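Values below: every heavy atom of this structure, side chains too, minus hydrogens, waters and symmetry copies. Everything numeric here is computed off the predicted structure, so don't read it as measured data.
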Amino acid sequence: MRFYRATSFLFPRHYEWRILLVCFGAVHLPLIAAILVQAMTGDWQIRTLLVLLGATLAGTVLGMLAIRALLAPVGEATAMLRAAQHGARLGRVPKGGDDLVGQLLTAVATSAAANAVRTEQLVEAAARDPLTGLRNRRGFLDSSERVLIGEGNSVLAMIDIDHFKSVNDRFGHAAGDALLRAVGQRLERGLRHSDMAARWGGEEFVVLLPNTQLDEARLVMERLRANVALDPLLGPESTGNTWPVTFSCGLATLRSFAQLGDAAHRADAALYAAKSNGRNRVHVAESA
C-alpha cells in the first residue's frame, strides 16, 4: 500500500495508466543504460542503438496492450459493483481463475450478484402488502405505469368489503386481518392473468383490468362478487363461518396512466354509490 499511496499523484483517477507508466519506464531502462554507456565511452554504435530503440518501442506497445488486457477483470469487477450499488440486475457473472486478480473478480462477482438479489427482494417487499401479499398502493402505481403504456381501453375497479368495521368490532382485529387475507386470495385467484390486484388501504382493494372493455370488466367483477358472497368459508371462524361476507365495487374506464388518478376518483364515487344502494353490488362510474 505504501508504493500505491506514494504514486497516487500519477494519474490519480486512472490506476491502469499508473501501471502503464511504471512499465514504460522499466522497459526503457536497457535503452537508457546503453545510451549512457556509449556517451561515457564515446563509442557510439548507432545500429545497436536503433535495434534497442525498435525493440524497446515494440516491447512497450505489446506490454501496454497485455497489461491493459490483464487489468480488464478489475474493470469488470468495478462495473459490477457500480451496477449492484444502483440496484441493477447482473447479467452473466464472469468466472475468474486461481490467481490474485481471478480471486478478486470471483469474490466481487459473487458479492455483487448476491447484493443485486437482496436489492430486488427489498424492492419487491417494499411493493407488497405484508398482510395480504398483494401489491400495496406504491407497488400498484409502479406496476400500472409499466402496464398502461398504450392507448387501449382499460378499467379500474375499487372494491370495499361490506360491514368490515363490524367484523373488527364484534370479532376482533385478528378476525378482520384473516378476512382481508382471504378476500385478497379470492381476488388474486379469481382474476385473469393480465389483471392486477392490490390492497389500496384498510378494507379497500383495487384491480386494474388492462386492455379490457367496460362490459367485460363488469362481468369479471360480478363473477368475483358472486363467488365471494356465496363462499361459506369466508366468515369469521368464531361464528362458524356464518357471517355473510360481501363487497361493493365501483368501475371506471381509463386509457393511459395519466388518467389513473381521475379514474380512481370516479371509481371511488361509483363505489360509494354501490354502498348507498344496498351494498354487494357493482356500480359503473359516469364517463369522464
For A263 and L254 the tightest heavy-atom approach is CB-CB, 3.9 Å
Nearest heavy-atom contact between R266 and A252 is NH1-CB, 3.7 Å
State whether D142 and R146 are salt-bridged, where the test is any N-O pair (Lys NZ or Arg NE/NH1/NH2 against Asp/Glu carboxylate O) under 4.0 Å.
-> no
Partners of A229 by side-chain contact (heavy atoms from CB on, under 4.5 Å), sequence neighbours excluded?
-> T246, N280
Locate the shortest heavy-atom distance separating S248 from D162; write the atom from each residue and the value.
-> OG-OD1, 2.7 Å
Please examine the side chains of S154 and T212, heavy atoms only from C-beta on, and report whether any two atoms are closer than 4.5 Å.
-> no
What about V147 and V206, same hydrophobic cluster or not, with Ile/Leu/Val/Met/Phe/Trp/Tyr joined at side-chain heavy-atom distances under 4.5 Å?
-> yes
Roughly how far, to the nearest 0.5 Å, is CD1 of I161 from CZ of F205?
-> 4.5 Å
Quick check: are there more than 12 heavy atoms from other residues, nucleotides or ligands sitting under 6.0 Å from CZ of R170?
-> no
Take I159 and L271 through the side chain to side chain contact (heavy atoms under 4.5 Å, CB included) test and state the conclusion after the steps.
-> CA-CA 7 Å; I159 298 170; L271 172 62; over 6 Å; no
Can you name the side-chain hydrogen bond (donor to acceptor under 3.5 Å, both in side chains) partners of D169, sequence neighbours left out?
-> K165
F247 and L156: same hydrophobic cluster, using ILVMFWY side-chain contacts below 4.5 Å?
-> no
Is W200 linked to F164 within one hydrophobic cluster, defined over Ile, Leu, Val, Met, Phe, Trp and Tyr using a side-chain heavy-atom separation of less than 4.5 Å?
-> no
May I have the step-by-step check of side chain to side chain contact (heavy atoms under 4.5 Å, CB included) for D195 and L208, ending in yes or no?
-> CA-CA 6 Å; D195 301 333; L208 177 65; over 6 Å; no
Considering only heavy atoms from C-beta outward, does the side chain of S166 approach that of F171 to under 4.5 Å?
-> no
Rounded to the nearest 0.5 Å, how far does CZ of R225 lie from CG of L230?
-> 8.0 Å
A157: what forms a side-chain contact (heavy atoms from CB on, under 4.5 Å) with it, not counting sequence neighbours?
-> V207, L209, M221, C249, L251
Where do G190 and R223 come nearest, in terms of heavy atoms and distance?
-> O-NH2, 3.4 Å
With hydrophobic residues grouped by side-chain heavy-atom distances under 4.5 Å, do M196 and V220 end up in a single group?
-> no
So the salt bridge (Lys or Arg N to Asp or Glu O under 4.0 Å) pairs with at least one residue in residues 198-210 (sequence neighbours excluded) are D129-R199
To the nearest 0.5 angstrom, please state how far the CG atom of L179 sits from the NE2 atom of H173.
-> 13.5 Å
The reported gap from CG in L134 to CZ in F140 (rounded to nearest 0.5 angstrom) is 11.0 Å
Under the 3.5 angstrom rule, does the side chain of Q259 hit a backbone N or O of R255 as a donor-acceptor pair?
-> yes
With the side chain counted from C-beta on, respond yes when H163 and R279 share a heavy-atom pair under 4.5 Å apart, and no when they do not.
-> yes
So does Y272 have more than 12 non-hydrogen atoms from other groups sitting under 6.0 Å from OH?
-> no
Of all residues at least two apart in sequence or in a different chain, which pass the side-chain contact (heavy atoms from CB on, under 4.5 Å) check with L36?
-> I32
Does R128 use its side chain to pair, donor to acceptor, with the backbone of G133 at less than 3.5 Å?
-> yes
Once you round to the nearest 0.5 Å, how far does CG of N168 lie from CG of L180?
-> 7.5 Å
Any L224 side-chain heavy atom under 4.5 Å of L191 side chain | yes
Locate the shortest heavy-atom distance separating A270 from H283; write the atom from each residue and the value.
-> O-CB, 3.4 Å
More than 12 heavy atoms of other residues, nucleotides or ligands under 6.0 Å from CZ of R47: is that the case?
-> no
Is there a path of hydrophobic side-chain contacts, each under 4.5 Å between heavy atoms of I, L, V, M, F, W or Y residues, that connects L219 with V282?
-> no
Test side chain to side chain contact (heavy atoms under 4.5 Å, CB included) applied to N227 and D231, step by step | CA-CA 6 Å; N227 288 342; D231 193 332; over 6 Å; no
Distance in Å, R281 CZ paired with E222 CD, rounded so as to fall on 0.5 Å steps = 9.5 Å
Could I get the full list of side-chain hydrogen bond (donor to acceptor under 3.5 Å, both in side chains) partners for E216, not counting sequence neighbours?
-> R192
Just do the side chain to side chain contact (heavy atoms under 4.5 Å, CB included) check on S256 and L148 with the steps written out, would you?
-> CA-CA 5 Å; S256 67; L148 297 172; 5.7 Å; no
